[in-house]
Asker: 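Please find one structure pasted underneath; my questions will follow.
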Amino acid sequence: MEPREEIINQLKELTNLKEINLETPKGNFGDYAFPCFALSKTSKKNPAQIAKDLESKIKVTNIIEKVQAVGPYLNFFLNRKVIAETILKKIAKEKNKFGSGKHTKAGHHVGYPTAEKILVEHTSINPNASPHIGRARNALLGDFIVRLLKFQGYEVQTHYFVNDIGKQIAMLVLAAEGRENITFNDLLTLYIKINEKIEKEPELEKDVFELLNKLERGDEKTKKRFADIVDICVKGQLEILSELNIKYDKFDFESDYLWTKKTERVLEELKKTGRLFLDDEQRYVLDQKEFNLPMESPVLVLTRADKTSLYPLRDLAYHIDKKKTKNILVLGEDQKLYFQQLKCALTLLNKPVPIPVFYSFVLLETGKMSTRKGNLVLLEDFMREALQRETEEIRTRHDRINEEDAKKIAYGAIKYSILKVSPERNVIFSWKALQFEGDTGPYLQYACARINSILRKYDEKIDEKIDFSLFKTNEENNLIKMLADFEGIIEESERTLKPTIIVNYIYSLAQSFSNFYIKCPILKAEEKLKKARLLLASSVKQVIETGLNILGIETLEKM
RNA sequence: GCGCCUGUAGCUCAAUUGGAUAGAGCAACGGAUUUCUAAUCCGUAGGCUGCAGGUUCAAUUCCUGCCAGGCGCGCCA
């Protein structure tokens with residue numbers, strides 16, 4: 001039985017509580033702590049007294065070594081040897097599957113039969129230009145979720161919804177008119193220029209709408225013009241994202257929902273609900289008064305006056321089409337209210353609603369980022385800069401530069417710096433975020449590289465009999481305790497879908513390891529202790545590596 | 001104007017979802033290399049958790065009001 005489970009079971013029996021809230025305290029308050037305040041509410045007794053009472057009733061076992069009431073807390077001290085043996089053996093056995101609660105419950109390590117299928121949609125950038133760093137937040141967050149869920153044994157499909165028929169694409173098509181050999185790098189300038197132009201001469205908008213109208217009527221030439229531009233753009237975007245090791249299983253094109261008449265069918269369905277009507281200007285709108293949305297006039301506009309489709313209609317058709325039992329959708333905070341509207345519409349049609357994951361925008365020191373206005377930092381520029389700085393960094397340390405390794409470190413630093421910030425917070429972009437020391441990706445990679453170096457030097461198998469009672473120091477026991485927390489960390493990550501939980505955990509694990517590394521020599525230790533410490537170090541490496549991989553960060557053999 | 005999110009050390013972020021002494025990194029200063037990688041470690045300094053009330057045994061966390069920033073509120077996506 002897991003130590004945590006054993007404590008919870010005992011407490012449940014003694015207190016009649018359904019949920020036991022165990023804390024892992026800091027300082028010398030033991031391995032687990034149970035606060036007794038909640039009990040004092042019902043029993044009207046002093047929490048300190050309750051803790052004292054419980055202290056005498058808890059049974060000491062081979063796992064629970066000591067129980068101590070300290071004020072209103074009941075602190076549990078576990079048997080070091082048993083914990084060390086349980087957890088280190090488990091890691092050695094499960095390797096890169098360690099931490100995945102689902103796998104262990106199923107009793108085997110790969111492909112357990114009833115894997116739930118989950119569709120994750122993320123990135124879904126407008127195909128109008130190279131992505132800026134704000135968009136990276138979507139892709140990185142989405143990629144993290146995909147990796148986490150795959151690690152947990154789900155069958156995950158990653159989708160990218162391509163808006164290939166919006167007004168912005170039409171503008172880009174207009175801007176590209178009569179130009180040959182347009183490349184990905186031309187798009188941003190074209191896009192900025194056409195926006196400026198239309199702002200100055202609003203009558204040009206008519207041409208844009210005409211183009212859209214022609215497209216929706218299925219004019220082949222127009223279709224091809226749109227498709228060509230979109231193709232250039234999506235390919236360019238994907239090249240950048242794939243450089244960051246972010247991949248997609250399927251691309252869904254908005255236009256398909258027109259050609260297959262699925263948008264029309266959605267309108268038919270909505271008509272049956274009695275909430276769809278034509279407004280004064282002959283647009284199809286969905287009445288959403290009944291849902292108490294915080295808007296002045298709660299309607300969802302689905303078409304233009306000429307009945308060409310608007311994004312919400314295509315999006316609605318898309319979500320209905322997803323048909324998975326579980327969908328996750330990564331969205332910018334600007335989509336929050338819109339998502340509520342989408343949710344209401346889907347509910348009205350009795351369709352499943354995706355689980356949204358929101359993130360806030362990346363701002364510049366000078367103000368907001370805008371692709372349209374051209375004040376932005378491109379993801380590719382950020383990546384290039386990171387790589388350049390990292391290459392220089394390596395030059396100060398080594399004679400030779402391995403470009404693959406430089407990329408792993410540079411991109412790891414980028415991913416880490418973005419994922420370590422809670423998604424709901426705004427980020428003000430600064431080149432200073434590109435650090436390689438301290439609370440950074442490279443710090444974690446470095447910890448792994450150091451362990452690799454030791455394992456290389458030892459050069460024997462470490463799976464022999466190990467005396468688990470040899471771990472005497474605080475540094476060793478602290479590491480063991482932390483390793484035992486990993487499964488809980490993964491569980492919490494899955495529940496909240498927040499990358500920061502894993503980030504914080506592996507960072508403090510690496511910190512504890514550095515501590516251990518300085519104070520506890522491994523290879524120089526006496527033979528039995530050496531073996532025990534080697535196993536401990538390789539376990540730490542395994543867990544940091546697993547954590548980093550879930551964040552999409554690779555590790556290195558040497559640094 | 002209304003709704004949602006955010007405000008913590010000079011800077012960038014944590015804080016076990018209401019718990020014990022609010023913790024890290026960067027920057028600053030001082031130290032550690034006959035020992036497994038110094039992208040490391042140790043130490044010093046740095047706090048009225050935006051402000052004012054309230055709820056309770058306990059508030060950075062929950063409630064109310066203000067202040068500041070972000071996002072949104074019909075034909076963009």
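Hydrogens, waters and symmetry mates are skipped; everything else that's a heavy atom, side chains included, is used.
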Asker: Verify whether the ring centers belonging to A/Y443 and A/Y507 lie closer than 6.0 Å.
Answerer: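 Centroid separation for A/Y443 and A/Y507: below 6.0 Å.
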
Asker: Establish, for the pair A/R450 and A/Y517, whether the NZ or CZ atom is under 6.0 angstrom from the six-membered ring centre and no further than 45 degrees off its axis.
Answerer: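 Relative to the ring axis of A/Y517, which defines the angle, A/R450 lies inside both limits.
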
Asker: B/C42 phosphate, OP1 or OP2: any side-chain N/O from A/N515 under 4.0 angstrom?
Answerer: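 So the side-chain polar atoms of A/N515 do come within 4.0 Å of the phosphate oxygens OP1 or OP2 of B/C42, strictly under.
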
Asker: Taking the six-membered ring for Trp, does A/F29 stack with B/A20 (centroid gap under 5.5 Å, planes within less than 30°)?
Answerer: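 Here A/F29 meets both the 5.5 Å and the 30° conditions.
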
Asker: Hey, is B/U17 sitting syn or anti, using the within-90° cutoff around 0?
Answerer: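 Syn conformation here, the glycosidic angle of B/U17 being no more than 90° from 0.
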
Asker: Less than 4.0 Å between a side-chain N and a carboxylate O, is that true for A/D306 and A/R304?
Answerer: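 The answer is no: the pair does not qualify as a salt bridge.
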
Asker: Please report the shortest heavy-atom distance between A/P25 and A/F29, naming the atom on each side.
Answerer: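 Between these two residues, the closest heavy atoms are CG-O, 3.5 Å.
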
Asker: Under a 4.0 Å threshold between the charged nitrogen and the carboxylate oxygen, would A/E121 count as salt-bridged to A/K322?
Answerer: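 Looking at A/E121 together with A/K322, the answer is yes, because their closest N to O distance falls below 4.0 Å.
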
Asker: If you measure from the Lys or Arg side-chain nitrogens to the Asp or Glu carboxylate oxygens, is any gap between A/E557 and A/R456 under 4.0 Å?
Answerer: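 Salt bridge flag = yes for A/R456 with A/E557.
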
Asker: Looking at A/R425, I'd like to know whether one of its side-chain N or O atoms comes within less than 4.0 Å of OP1 or OP2 on B/A14.
Answerer: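 Yes, because at least one side-chain N or O of A/R425 sits under 4.0 Å from OP1 or OP2 of B/A14.
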
Asker: Find every protein N or O atom lying less than 3.5 Å from an N or O atom of nucleotides 70-74 of chain B, and list the pairs.
Answerer:
from, atom 1, to, atom 2, distance (Å)
B/G70, O2', A/E333, OE2, 3.0
B/G70, O2', A/N426, OD1, 3.3
B/G70, O2', A/N426, ND2, 3.0
B/C71, OP2, A/K368, NZ, 3.0
B/C71, O4', A/E333, OE2, 3.4
B/C71, O2', A/E333, O, 3.3
B/C71, O2', A/D334, N, 3.3
B/C73, O2', A/E296, N, 3.3
B/G74, O6, A/S297, OG, 3.4
B/G74, N1, A/S297, OG, 2.1
B/G74, N2, A/S297, OG, 2.6
B/G74, N3, A/S297, OG, 3.3

Asker: Side chain of A/N21 only, heavy atoms from C-beta on: which candidate in B/U6, B/A39, B/U17 is closest?
Answerer: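 In terms of side-chain proximity for A/N21, the closest of B/U6, B/A39, B/U17 is B/U17.
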
Asker: Can you spot which of A/D252, A/D315, A/D321 makes a salt bridge (charged side-chain N to carboxylate O under 4.0 Å, His left out) with A/K262?
Answerer: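 Option passing the salt bridge (charged side-chain N to carboxylate O under 4.0 Å, His left out) with A/K262: A/D321.
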
Asker: I'd like the P distance from B/U60 over to B/G23, given in whole Å.
Answerer: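 Here B/G23 and B/U60 have their P atoms 13 Å from each other.
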
Asker: Which way is the base of B/G74 turned, syn or anti, if we draw the line at 90° from 0?
Answerer: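 Here B/G74 takes the syn form, which means its glycosidic angle is within 90° of 0.
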
Asker: For A/E393 and for A/P72, find the nucleotide of RNA chain B with the closest heavy atom, then tell me which residue's nucleotide is more 5'.
Answerer: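 It is A/P72, whose closest nucleotide lies nearer the 5' terminus.
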
Asker: Could A/K52 and A/E55 be called an ion pair, given the rule that one side-chain N must be under 4.0 Å from one carboxylate O?
Answerer: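 Yes, this pair counts.
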
Asker: Name the stems that RNA chain B belongs to, where each is three or more consecutive Watson-Crick or G-U pairs with both distances under 3.5 Å?
Answerer: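 So the stems come out as B:1-7 with B:67-73, B:10-13 with B:23-26, B:28-32 with B:40-44, B:50-54 with B:62-66.
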
Asker: Looking only at atom C1', what distance separates B/U16 and B/A52, rounded to whole Å?
Answerer: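 These two C1' atoms come out 30 Å apart once rounded.
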
Asker: Going by atom types only, do A/E199 and A/N195 share a side-chain donor-acceptor pair under 3.5 Å?
Answerer: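 No donor-acceptor contact under 3.5 Å links the two side chains.
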
Asker: Given B/A14, B/C75, B/U16, which nucleotide is nearest the side-chain atoms of A/S422?
Answerer: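 Nearest to the side chain of A/S422 among the choices is B/A14.
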
Asker: Hey, is the side chain of A/Y443 poking within less than 4.0 Å of OP1 or OP2 on B/C26, counting only N and O atoms?
Answerer: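 Answer no for this pair, as no side-chain N or O of A/Y443 is under 4.0 Å from OP1 or OP2.
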
